[in-house]
Every structure is written in C-alpha cells, then in structure tokens.
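Just so you know, residue 1 is the first one in the sequence shown, and it goes up from there.
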Amino acid sequence: MQKKTYKIGMLGAASVGNWGIVQPCRQVAGVELHALAARDVVRAGAYARKRGIPVVHAGYQALLDDPAIDA
C-alpha cells in the first residue's frame, strides 16, 4: 500500500519560514512543502524557486482554497 504524502501550504515569504517550515518539511518523510502564497507574488515566486516549492499562489485565499493542500 502506498503511503500518502501530506502537502503543506506556506503563508508568507519571510526568511523565518526557511527554518520554521521549509527545513522541517524536508526532514519529515511523507511531507511536501507544496505551495506558497505571499502579499507580493513576485517575491513569493523568487522565494519558491530558491527553495524548490512547486506552486505559487497569487494570494493567501487562493492557497487556502487549493484542494491539493492538506495543511
């Protein structure tokens, strides 16, 4: 049986997110930091590319409404 991967969404592109969310997600099996949203979509895109986050949403609500996100 295949284990489920839990997809995490991150709100904000502050540097604190790197040690508070990005790094912990990489250290836990079965967890993927799947999406990011921030007030500034350009900044969010740069943050996501640098850290390998595959999805960038244009706003917080879009991330919260994303059916692919588990938490």
Side-chain angles (χ1 to χ4, degrees):
M1 183 159 97
Q2 188 177 4
K3 290 185 178 184
K4 177 176 174 47
T5 297
Y6 289 93
K7 294 183 177 182
I8 306 297
M10 181 172 150
L11 299 173
S15 60
V16 67
N18 191 47
W19 60 265
I21 296 176
V22 177
Q23 294 302 323
C25 284
R26 290 184 180 153
Q27 296 172 3
V28 178
V31 172
E32 173 193 351
L33 181 50
H34 181 72
L36 172 71
R39 286 180 291 162
D40 180 343
V41 72
V42 173
R43 182 173 178 207
Y47 188 100
R49 280 188 300 282
K50 184 175 180 180
R51 291 161 179 85
I53 302 168
V55 176
V56 175
H57 288 289
Y60 299 128
Q61 193 61 51
L63 185 143
L64 295 172
D65 292 341
D66 184 342
I69 302 298
D70 296 306

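- Lys4 forms a cation-pi arrangement with Tyr6, by the criterion of a distance under 6.0 Å to the ring centre and an angle within 45° of the ring axis.
- Within the model, atoms CD of Gln23 and CZ of Arg51 stand 9.0 Å from one another, a figure rounded to the nearest 0.5 Å.
- Of all the heavy atoms in Val56 and Ala48, the pair that sits closest is CG2-CB, 3.4 Å.
- Here CD1 of Ile8 is found 8.5 Å from CD1 of Ile21. Values are rounded to the nearest 0.5 Å.
- Interatomic distance, CG of Asp66 versus NE2 of His34, reported as 5.5 Å (0.5 Å rounding).
- The structure places CD1 of Ile53 at 10.0 Å from CD of Glu32, a figure rounded to the nearest 0.5 Å.
- Distance alone, capped at 3.5 Å, places no donor-acceptor pair between the Tyr47 side chain and the Ala37 backbone.
- At most 12 non-hydrogen atoms from other residues, nucleotides or ligands lie less than 6.0 angstrom from CZ of Arg39.
- Across all non-hydrogen atoms, the minimal contact from Ala44 to Ala13 is CA-CB, 4.4 Å.
- Arg43 places no side-chain N or O within 3.5 Å of a backbone atom of Ala38 that could act as its donor or acceptor partner.
- Side-chain atoms of Met10 and Val22, non-hydrogen and from C-beta on, do get closer than 4.5 Å to each other.
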Can you check side-chain contact (heavy atoms from CB on, under 4.5 Å) on Leu11 and Leu63, steps first, answer last? CA-CA 8 Å; Leu11 299 173; Leu63 185 143; 3.9 Å; yes

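- Minimum heavy-atom separation, His57 to Ala35: CD2-CB, 3.9 Å.
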